[in-house]
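First listed ligand is number 1; within each ligand, the first listed atom is number 1.
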Amino acid sequence: MPMNIAIDGPVGAGKSSIADAVAKRLNILHLDTGAMYRALALYVLRSGVDPADEAAVCACSDRAEIAVRYQDGMQHTLLFGEDVSACIRTGEVSQAASTVSKWPAVRRRMVQAQQALAQQSDMLIDGRDIGTVVLADSPCKIFLTATAEERARRRYLQNLEKGDSTPYETVLAELNARDAQDMTRKTDPLRQAEDAVLVDSTNMTPEQVVEAILSIVEAVYGKR
Ligand code: DC
């Protein structure tokens, strides 16, 4: 059985960067499942389809060729062979990813693909339904969160570094709207799995969060 670690949490909890750092320390791969929903959202938008149109989005999902490749340990997300890793990071794609991920047929396909990847190698997987669905049987689950204000503050500062000066209030409102949609959808909403360990990073440095997660992993797998 490969070593599989599940990390779930709301928008801006730092899942991706923390998961990258933890996976590097453990020398295992990190699968960012949000990138797969984002790649589908990009395809939906490029096709001129409304992300809220379930039938049209599911048709796109049936056609879409989304793949994940690793180069020097880094995930690259491909859409019909094109590396879309960078262009799926816009605000428009974020909102569209949250909407397309509501549709059950979309989720079924993504979950199957993610479970197939998890069977191939040791992996740390982050997303919204990893502990509850994708790796429901994993003995190692973490729910990573922080207050909405702190998550928005971090996102706002990251944006500034990238030259994006969207006001803090807008960042907070968008984050809350996306969380609300991800937590209230009918199929596999974001929630903490009963057997997940809660890590509240509001008052922690990234290094402290990485150490806390490594300790949780060590308690389960005896390795850090
Ligand atoms: O983690 P992220 O912000 O890149 O994810 C983008 C959207 O994709 C998120 O708002 C909800 C959806 N998502 C999901 O439904 N299930 C996952 N396992 C990962 C992401």
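- Taking only nitrogen or oxygen atoms, main chain and side chain alike, R185 reaches within less than 3.5 Å of ligand 1.
- In terms of polar-atom proximity, defined here as any N/O pair under 3.5 Å, S94 makes no such contact with ligand 1.
- Across M110, R107, R89, heavy-atom proximity to atom 16 (N) of ligand 1 is greatest for R107.
- Salt bridge status for E194 with K141: absent, with no side-chain N to carboxylate O gap under 4.0 Å.
- Annotation: K15 places no N or O atom under 3.5 Å from an N or O atom of ligand 1; distance criterion only.
- When Q95, R128, M183 are ranked by how near their heavy atoms come to atom 2 (P) of ligand 1, first place goes to R128.
- Counting only distance, with no hydrogens or angles, the side chain of T77 and the backbone of V68 share no donor-acceptor pair below 3.5 Å.
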Q: Decide yes or no on salt bridge (charged side-chain N to carboxylate O under 4.0 Å, His left out) for D164 and R89, but give the supporting numbers first.
A: CA-CA 12 Å; D164 170 354; R89 297 288 153 197; over 6 Å; no

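- Inclusion of R38 in the set of residues having an N or O under 3.5 Å from an N or O of ligand 1 is warranted.
- In terms of polar-atom proximity, Q114 is not counted as a contact of ligand 1, lacking any N or O under 3.5 Å from an N or O of the ligand.
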Q.
Pair R154, E150 - check salt bridge (charged side-chain N to carboxylate O under 4.0 Å, His left out), show working.
A. CA-CA 6 Å; R154 293 175 190 166; E150 175 60 16; 2.9 Å; yes

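- Among A35, G9, A6, S101, the residue whose heavy atom sits closest to atom 12 (C) of ligand 1 is S101.
- The protein heavy atom nearest to atom 3 (O) of ligand 1 is R178 NH1, 2.9 Å.
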Q) Yes or no on side chain to side chain donor-acceptor pair (under 3.5 Å) for S101 and R185, after CA distance, side-chain angles and deciding distance? A) CA-CA 9 Å; S101 69; R185 67 176 177 232; 3.3 Å; yes

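- Considering D50, V106, T99 as possible partners of V57, the one that fulfils the side-chain contact (heavy atoms from CB on, under 4.5 Å) test is V106.
- At least one heavy atom of D182 sits less than 4.0 Å from an atom of ligand 1.
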